[in-house]
Novice: 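I have a structure I would like to understand better, so I am pasting it below and will then ask my questions one at a time.
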Amino acid sequence: MKSPAEQLQLLTRGTAQIISEKELLKKLERGTPLRAKLGVDPTSPDLHLGHSVVLEKLRQFQELGHQAVLIIGDFTAQIGDPTGRSKTRPPLSREAILSNAETYTEQAFRILDREKTEVVFNGEWFNKMSFSDVIQLNARVTMQQMLQREDFKNRIANDQEVRLHEIQYPIVQGWDSVEVRADVELGGTDQLFNILVGRDMQKTEGMEPQVVMCLPILEGLDGVQKMSKSLNNYVGISEAPREMFGKLMSISDELMARYSLLLMGEEIDSTIHPMEAKKSLAAALVTRYYTTDEAAAARDNWEAMFSRKDLDAADLPDFAIGERRDLVGVVTEVYETIFSSPKSGSDVRRLIQQGSVQLDGEKLTDPRAEPAWARGQVLKVDKKRSVRIA
RNA sequence: GGGUAGAUUCCGGAGCGGUCAAACGGGGCAGACUGUAAAUCUGCUGGCUAUGCCUUCGAAGGUUCGAAUCCUUCUCUGCCCA
């Protein structure tokens, strides 16, 4: 086992903020495993690289012999975390939450060590609370404290509504820390406020307050907004190697540097061509969730498709012409069934007219065309997506 | 409870009886260029069995040849006062 000082050094690496390192060191010096808490709301069924930043940190705790406590916010998901929101979150149905929780944990264990993870649902304690329990919980914090929050302040300043259940969220999350007796709570920097509330709650309960450990927020593929499924700027950790590789190749150079730092903990090698650096990064990330062989295959295929533009050599998904043989019909089908990104007939028509669609390298710009389809032809629907006619 | 302002297409926001599938900006998508980078330029951005047709401007009714625009009721939200 590593010394407390060594552990501290490893654990603080890549973090954005820790309150406080001194406290963390003290806890480490106790020599008993720390309880490291991470709360997740199963609001979406898929985990992406944004989540992975904090999950990797939690795994690091596990590797150092500590206890990971993963709280599934089945209860909190019903409230909806207002963090970073300019609008109230729509509530989720109970069924959706439970099924999300299922896929969520499944994916989380691609990163975490299942054996060393304690999984708890916070509905376990919150669903048992009576209304007077709730009132007492609320009595622990002041309105002024809650209004300190950036999101709420902004909304109020902009004359937007803030509903009362939303200001309960930090209270509820804070109480989780008391319930699981957390020593450390991990989260994105946007969780700072919520985690601090947990600290206060523990103090009033006479517990030793948890250490706050915030990790940087990963930007999405657009490089501006935070990675999230709803903005469709994410790379899912269970996406196919090729998808993952391709998405990572589309990021900007600035973003590449950031991803490298936050996800791999490394600086980009500035002596090589940025594209090469990006390929290495993409391959390294694919390897993390798959194997080196699969990463290499993804890279080869990508190079065939986009560097050499040799679509014949590339391994493309097959598409069998169905009922509809007209161009609009076929392209619509391809988007829907092969790439699962449905487009309306009008969208497809537009793509065709704008010269996005090619058959064996020939642009097809007439939406009414009905090409003589033949097995083996390559149908390119846009710059990034092609299929082979089967 | 009283007063007042408002609800428009993904978002912001014009429109105030026909010329409105609705200006403009943002975002998004596509094309050109390129390193599936950035920057730049161009086009598109409700749907369809598509030179026309259908459904949209908080909801329901009404006036009118004709309504996002006028009237009635309802629902929701902000702000001010208590």
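Below, chains carry the letters A, B, ... as their sequence lines are ordered, and counting in each starts from 1. What you see is a predicted model, and the numbers here were worked out from it, not measured in a lab.
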Novice: Need one value for A/K279: base, sugar-phosphate or nothing, where a base atom within 4.0 Å counts as base even if backbone is also close, heavy atoms only.
Specialist: nothing
Novice: From CG of A/N232 over to P of B/C10, roughly how many Å is that when rounded to an integer?
Specialist: 17 Å
Novice: Separation of A/D222 atom CG from B/G26 atom C1', in whole Å?
Specialist: 14 Å
Novice: Determine whether any donor atom in the side chain of A/D382 lies under 3.5 Å from an acceptor atom in the base of B/G31, or the reverse, and answer yes or no.
Specialist: no
Novice: Determine the interatomic distance between C1' on B/G27 and the same-named atom on B/G17; round to the nearest Å.
Specialist: 33 Å
Novice: On RNA chain B, does the nearest nucleotide to A/S250 precede the nearest nucleotide to A/V357 from the 5' side, or the other way round? Give the residue.
Specialist: A/V357
Novice: When you measure from the side chain of A/N233 to the backbone of A/D222, do you find a donor-acceptor pair of N or O atoms at a distance under 3.5 Å?
Specialist: no
Novice: Of the listed nucleotides (B/A30, B/A38, B/G35), which one gets closest to any side-chain atom of A/D253?
Specialist: B/G35
Novice: Could you work out the separation of B/A68 and B/U9 based on their C1' atoms and round it to a whole Å?
Specialist: 11 Å
Novice: Listing request: all salt bridge (Lys or Arg N to Asp or Glu O under 4.0 Å) pairs with a residue in residues 285-296 of chain A, at least two apart in sequence or in separate chains.
Specialist: A/E56-A/R288
Novice: I need the CE-C1' distance between A/M275 and B/U34, as an integer number of Å.
Specialist: 10 Å
Novice: Does the side chain of A/Q202 reach to within under 4.5 Å of the side chain of A/E208, using non-hydrogen atoms?
Specialist: no
Novice: Can you check the distance between B/A22 and B/U55, where both ends of the measurement are the C1' atom (answer in whole Å)?
Specialist: 14 Å
Novice: If you measure from the P atom in B/A7 to the same atom in B/C57, how many Å do you get, rounded?
Specialist: 14 Å
Novice: Please give, in whole Å, the distance from B/G28 P to A/Y335 OH?
Specialist: 17 Å
Novice: Are any protein N/O atoms closer than 3.5 Å to N/O atoms in nucleotides 80-82 of chain B? If there are, list each pair with its distance.
Specialist:
none

Novice: Phosphate oxygens OP1/OP2 of B/A32: is one of them under 4.0 Å from a side-chain N or O of A/K363?
Specialist: yes
Novice: Would you indicate whether the side-chain heavy atoms of A/Q354 and A/S356 approach each other to under 4.5 Å?
Specialist: no
Novice: Please name the nucleotide paired to B/A7 by Watson-Crick or G-U wobble geometry with both distances under 3.5 Å, or report none.
Specialist: B/U75
Novice: Please state the P separation for the pair B/A38 and B/C44 - nearest whole angstrom.
Specialist: 23 Å
Novice: As a quick check of understanding, evaluate side-chain contact (heavy atoms from CB on, under 4.5 Å) for A/L316 and A/V387, giving each step before the final call.
Specialist: CA-CA 5 Å; A/L316 302 174; A/V387 292; 5.5 Å; no
Novice: Rounding to an integer number of angstrom, what distance separates B/U63 and B/U69 when you compare their C1' atoms?
Specialist: 14 Å
Novice: Between A/R258 (CZ) and B/A38 (P), how many Å, whole number?
Specialist: 18 Å
Novice: Could you check A/S356 against A/M256 and say which one's nearest nucleotide on RNA chain B is further toward the 5' end?
Specialist: A/S356
Novice: Return a single string for nucleotides 43-51 of chain B, one symbol per nucleotide in 5' to 3' order, where B is base contact, S is sugar-phosphate-only contact and - is none, cutoff 4.0 angstrom on heavy atoms.
Specialist: BSS-SB-B-
Novice: Could you state the atom-to-atom distance from CG of A/N233 to C1' of B/G27 in whole Å?
Specialist: 12 Å
Novice: Is the cationic atom of A/K247 (NZ for Lys, CZ for Arg) positioned less than 6.0 Å from the six-membered ring centroid of A/Y234 and within 45 degrees of its normal?
Specialist: yes
Novice: If a pair satisfies salt bridge (Lys or Arg N to Asp or Glu O under 4.0 Å) and one of its residues is in residues 122-141 of chain A, list it, with sequence neighbours excluded.
Specialist: A/R140-A/E205
Novice: Taking the side chain as everything from C-beta on, heavy atoms only, tell me whether A/L263 gets closer than 4.5 Å to A/V53.
Specialist: yes
Novice: In whole Å, what is the span from the CG atom of A/L221 to the C1' atom of B/G27?
Specialist: 16 Å
Novice: Output every pair passing salt bridge (Lys or Arg N to Asp or Glu O under 4.0 Å) with a member in residues 169-189 of chain A, not counting sequence neighbours, ordered by first then second residue.
Specialist: A/K27-A/D183, A/R30-A/D183, A/K37-A/E185
Novice: Give me the distance, rounded to whole Å, that separates B/C10 from B/U45 when you measure between the P atoms they each carry.
Specialist: 14 Å
Novice: Give me the ring orientation class for A/H66 and A/F61: parallel if the planes are under 30° apart, tilted from 30 to 60°, perpendicular past 60°.
Specialist: perpendicular
Novice: Could you work out the separation of B/C20 and B/C74 based on their C1' atoms and round it to a whole Å?
Specialist: 27 Å
Novice: Distance check needed: B/G35 C1' versus A/K309 NZ, whole Å only.
Specialist: 9 Å
Novice: Need one value for A/I251: base, sugar-phosphate or nothing, where a base atom within 4.0 Å counts as base even if backbone is also close, heavy atoms only.
Specialist: sugar-phosphate
Novice: Could you check which nucleotide pairs with B/A21 in any of the strands shown, counting Watson-Crick or G-U wobble with both distances under 3.5 Å?
Specialist: none
Novice: Show every salt bridge (Lys or Arg N to Asp or Glu O under 4.0 Å) that has at least one partner inside residues 329-343 of chain A, sequence neighbours left out.
Specialist: none
Novice: Side chain of A/E161, heavy atoms from C-beta onward: which of B/A30, B/A37, B/G78 has the nearest atom to it?
Specialist: B/G78
